[in-house]
There are 2 protein chains.
Amino acid sequence: MSSHPHDQLAPDQQEQLVSLMRGLGTRTVLYQQNVAASLGLYNNDLKSVDILRETGPITAGELSKITGLATGSVTALIDRLEKVGYVRRANDPNDRRRVILVPEYEYKEEVGNTYRPLHQSMHELASSYTDEDLDLITQFIGKASAILEEQIKQLNVKKSKSSS
Amino acid sequence: MSSHPHDQLAPDQQEQLVSLMRGLGTRTVLYQQNVAASLGLYNNDLKSVDILRETGPITAGELSKITGLATGSVTALIDRLEKVGYVRRANDPNDRRRVILVPEYEYKEEVGNTYRPLHQSMHELASSYTDEDLDLITQFIGKASAILEEQIKQLNVKKSKSSS
DNA sequence: ATCAAATATCTCGATCATCGAGATATTGAG
DNA sequence: CTCAATATCTCGATGATCGAGATATTTGAT
């Protein structure tokens with residue numbers, strides 16, 4: 001399908017990839033929302049769990065910066081997550097103002113169970129490639145991820161600028 | 001780097017990719033949220049604009065199903081998007097109950113402008129690959145996207161089941 | 001030491017997107 | 001023609017989020 005024999009040139013190929021990436025993005029957002037609902041969490045709560053999973057323990061303020069939520073919202077968010085055992089408040093011995101958030105979802109199987117079918121399918125997809133190809137793809141994903149991170153930073157910069 | 005000579009086996013490589021994909025997902029969600037804020041839209045409003053962009057005109061009810069929002073919420077959402085000119089309500093000549101949502105953001109340059117830096121970077125990234133490699137990557141992204149779509153469906157099925 | 005400014009988190013009233021149940025309009029089947 | 005099904009909208013209730021101020025702690029200057 002997608003009628004592009006060899007008479008078609010590269011720019012179009014790039015366009016196709018970028019378009020697919022965009023579609024992947026839309027689906028990712030919808031998927032995340034569905035996972036949250038499935039776990040009985042609010043979107044931002046699951047988002048925070050995912051962030052903590054990647055960063056490890058961070059302070060409430062750092063979570064506020066990353067998520068873009070007001071500090072008051074983060075306080076309430078932590079209360080909710082703590083109540084259901086996804087996270088724990090810990091003291092920073094060096095600065096008693098700070099609240100360190102320690103992920104505790106290792107004990108919560110639900111998260112793993114919910115993500116499992118996706119991971120399973122991804123593993124299956126991955127196993128259909130040679131080591132070499134997988135390397136190529138992995139590097140691409142890593143670079144795409146870095147680009148996104150950079151773009152998020154840029155948008156935040158613009159946000160602060162426009163409010164000055 | 002990443003010390004995995006040839007004595008290391010595939011599963012680890014797969015793990016790395018899946019982990020990276022997850023990180024990509026988290027960043028995608030954060031990015032989307034930042035774009036929405038930057039455009040002065042609510043998350044679900046931008047989500048809907050993106051959906052409409054991909055699907056073309058659909059009914060209010062279909063948007064409700066895709067986004068998972070209640071019909072009453074979609075009504076308000078459309079009101080907001082219509083007010084700022086991202087979308088237009090049209091009649092379905094065959095069924096006068098229906099409201100068809102027609103995307104109108106071609107006239108809105110802001111969306112394109114906001115996404116542009118990301119697209120630019122993605123194009124740059126894409127242009128660093130050979131046609132062959134790009135093909136491989138494109139196919140992978142397409143498959144990953146299809147997997148996500150399937151997983152979203154599965155989660156919706158479980159949702160309906162558990163409420164019976 | 002002392003004090004003021006800066007920083008981190010929390011509190012709390014206000015706002016507003018979302019829900020969900022019911023209202024309204026339309027279609028389709030019998 | 002009537003009734004059930006369907007599509008959208010209305011509207012009161014709920015609750016996440018905001019944002020300004022309160023509290024506690026740290027830091028730096030004097």
Side-chain angles (χ1 to χ4, degrees), chain A residues 29-30 32-34 36-49 52 57-84 86-102 156 159-160 163, chain B residues 29-30 32-34 36-49 51-52 57-84 86-102 156 159-160 163-164:
Chain A
V29 172
L30 288 173
Q32 177 94 349
Q33 175 180 274
N34 275 279
S38 172
L39 287 169
L41 297 177
Y42 296 103
N43 285 349
N44 281 329
D45 294 16
L46 176 61
K47 215 177 291 175
S48 301
V49 167
L52 277 169
I58 56 176
T59 67
E62 286 172 317
L63 183 60
S64 167
K65 278 204 198 77
I66 298 175
T67 58
L69 292 171
T71 61
S73 308
V74 169
T75 299
L77 183 153
I78 298 169
D79 287 346
R80 288 192 300 270
L81 286 181
E82 200 170 31
K83 190 176 295 182
V84 291
Y86 280 93
V87 95
R88 181 170 57 83
R89 277 183 169 93
N91 296 337
D92 184 335
N94 301 324
D95 187 339
R96 303 219 313 273
R97 291 169 303 179
R98 289 188 183 168
V99 166
I100 296 183
L101 307 177
V102 184
N156 277 325
K159 198 194 307 176
S160 345
S163 70
Chain B
V29 171
L30 288 173
Q32 177 95 352
Q33 176 181 272
N34 275 279
S38 171
L39 287 169
L41 297 178
Y42 296 103
N43 286 348
N44 282 329
D45 295 14
L46 176 61
K47 215 178 290 174
S48 300
V49 168
I51 290 168
L52 277 169
I58 56 177
T59 67
E62 286 172 316
L63 183 60
S64 166
K65 279 204 196 78
I66 297 175
T67 58
L69 293 171
T71 63
S73 309
V74 169
T75 298
L77 183 153
I78 299 169
D79 287 346
R80 288 191 299 270
L81 286 181
E82 201 170 30
K83 190 175 297 182
V84 290
Y86 281 92
V87 95
R88 180 170 57 84
R89 277 182 168 93
N91 296 337
D92 183 334
N94 301 323
D95 187 340
R96 303 220 313 273
R97 291 169 304 178
R98 289 187 183 169
V99 166
I100 297 184
L101 307 177
V102 183
N156 277 325
K159 200 196 303 175
S160 346
S163 69
S164 63

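Just so we're on the same page: letters track the sequence lines, and every chain starts at 1.
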* CG of A:Leu101 versus P of C:dA8: gap in Å, rounded? -> 14 Å

* Asked: Given atom CG of A:Asp45 and atom P of D:dG15, what is their separation to the nearest angstrom?
  -> 14 Å

* What's the verdict on side chain to side chain contact (heavy atoms under 4.5 Å, CB included) for A:Ile78 and A:Val74, showing C-alpha distance, side-chain angles and the deciding distance? -> CA-CA 6 Å; A:Ile78 298 169; A:Val74 169; 3.6 Å; yes

* Give a yes or no answer on whether the side chain of B:Thr67 reaches the backbone of B:Leu63 with a donor-acceptor pair at less than 3.5 Å. => yes

* 5'-most contact on DNA chain C: B:Ala76 or A:Ile78, nearest heavy atom basis? -> A:Ile78

* Asked: Do you know which two heavy atoms are closest between B:Leu52 and B:Ile58, and how far apart they sit?
  -> CD2-CG1, 3.6 Å

* Look at the side chain of A:Thr59 and decide which nucleotide, out of C:dT26, C:dT9, D:dA16, has an atom nearest to it. => C:dT9

* **Separation of atom CD1 in A:Ile58 from atom C1' in C:dA8, rounded to whole Å** => 14 Å

* To do: Check the distance between C:dT26's C1' and B:Ile100's CD1 and give it to me in whole angstrom.
  => 15 Å

* side-chain N/O B:Arg97 vs D:dT8 OP1/OP2, d < 4.0 Å -> no

* **Closest listed nucleotide, where the reference is the side chain of A:Arg98 and the choices are C:dA8, C:dC19, D:dT8** => C:dA8

* To do: Please work out if B:Gly72 contacts a base, only the sugar-phosphate, or nothing of the nucleic acid, heavy-atom cut-off 4.0 Å.
  => base

* Asked: So does A:Asn44 get a side-chain nitrogen or oxygen closer than 4.0 Å to the phosphate oxygens (OP1/OP2) of D:dA16?
  -> no

* Once you round it to whole Å, what is the distance between P of D:dT10 and CG of B:Asp79? -> 7 Å

* For A:Ala70 and A:Arg96, take the nucleotide of DNA chain D holding the closest heavy atom to each; which residue's nucleotide lies nearer the 5' end? -> A:Ala70

* **Donor-acceptor contact below 3.5 Å, side chain B:Asn91 vs main chain B:Pro93** => no

* Asked: For D:dC18, does either OP1 or OP2 sit under 4.0 Å from a side-chain N or O belonging to A:Ser73?
  -> yes

* B:Leu77 has an atom CG; how far is it from atom P of C:dC19, in whole Å? -> 10 Å

* A:Thr71 side chain, from C-beta outward: closest of D:dT25, C:dC10, D:dT8 -> C:dC10

* Integer-rounded Å distance: D:dA16 C1' and A:Arg80 CZ -> 6 Å

* **Options C:dA17, D:dC18, D:dC9, nucleotide nearest the side-chain atoms of B:Tyr42** => C:dA17

* To do: Ignoring backbone atoms, test whether B:Arg89 places a side-chain nitrogen or oxygen under 4.0 Å from the OP1 or OP2 oxygen of D:dC9.
  => yes

* Asked: How close or far is atom P of C:dA17 from atom CG of B:Leu41, stated in whole angstroms?
  -> 12 Å

* Taking B:Ser64 for its side chain and B:Leu69 for its backbone only, find out whether a donor-acceptor pair lies under 3.5 Å. => yes

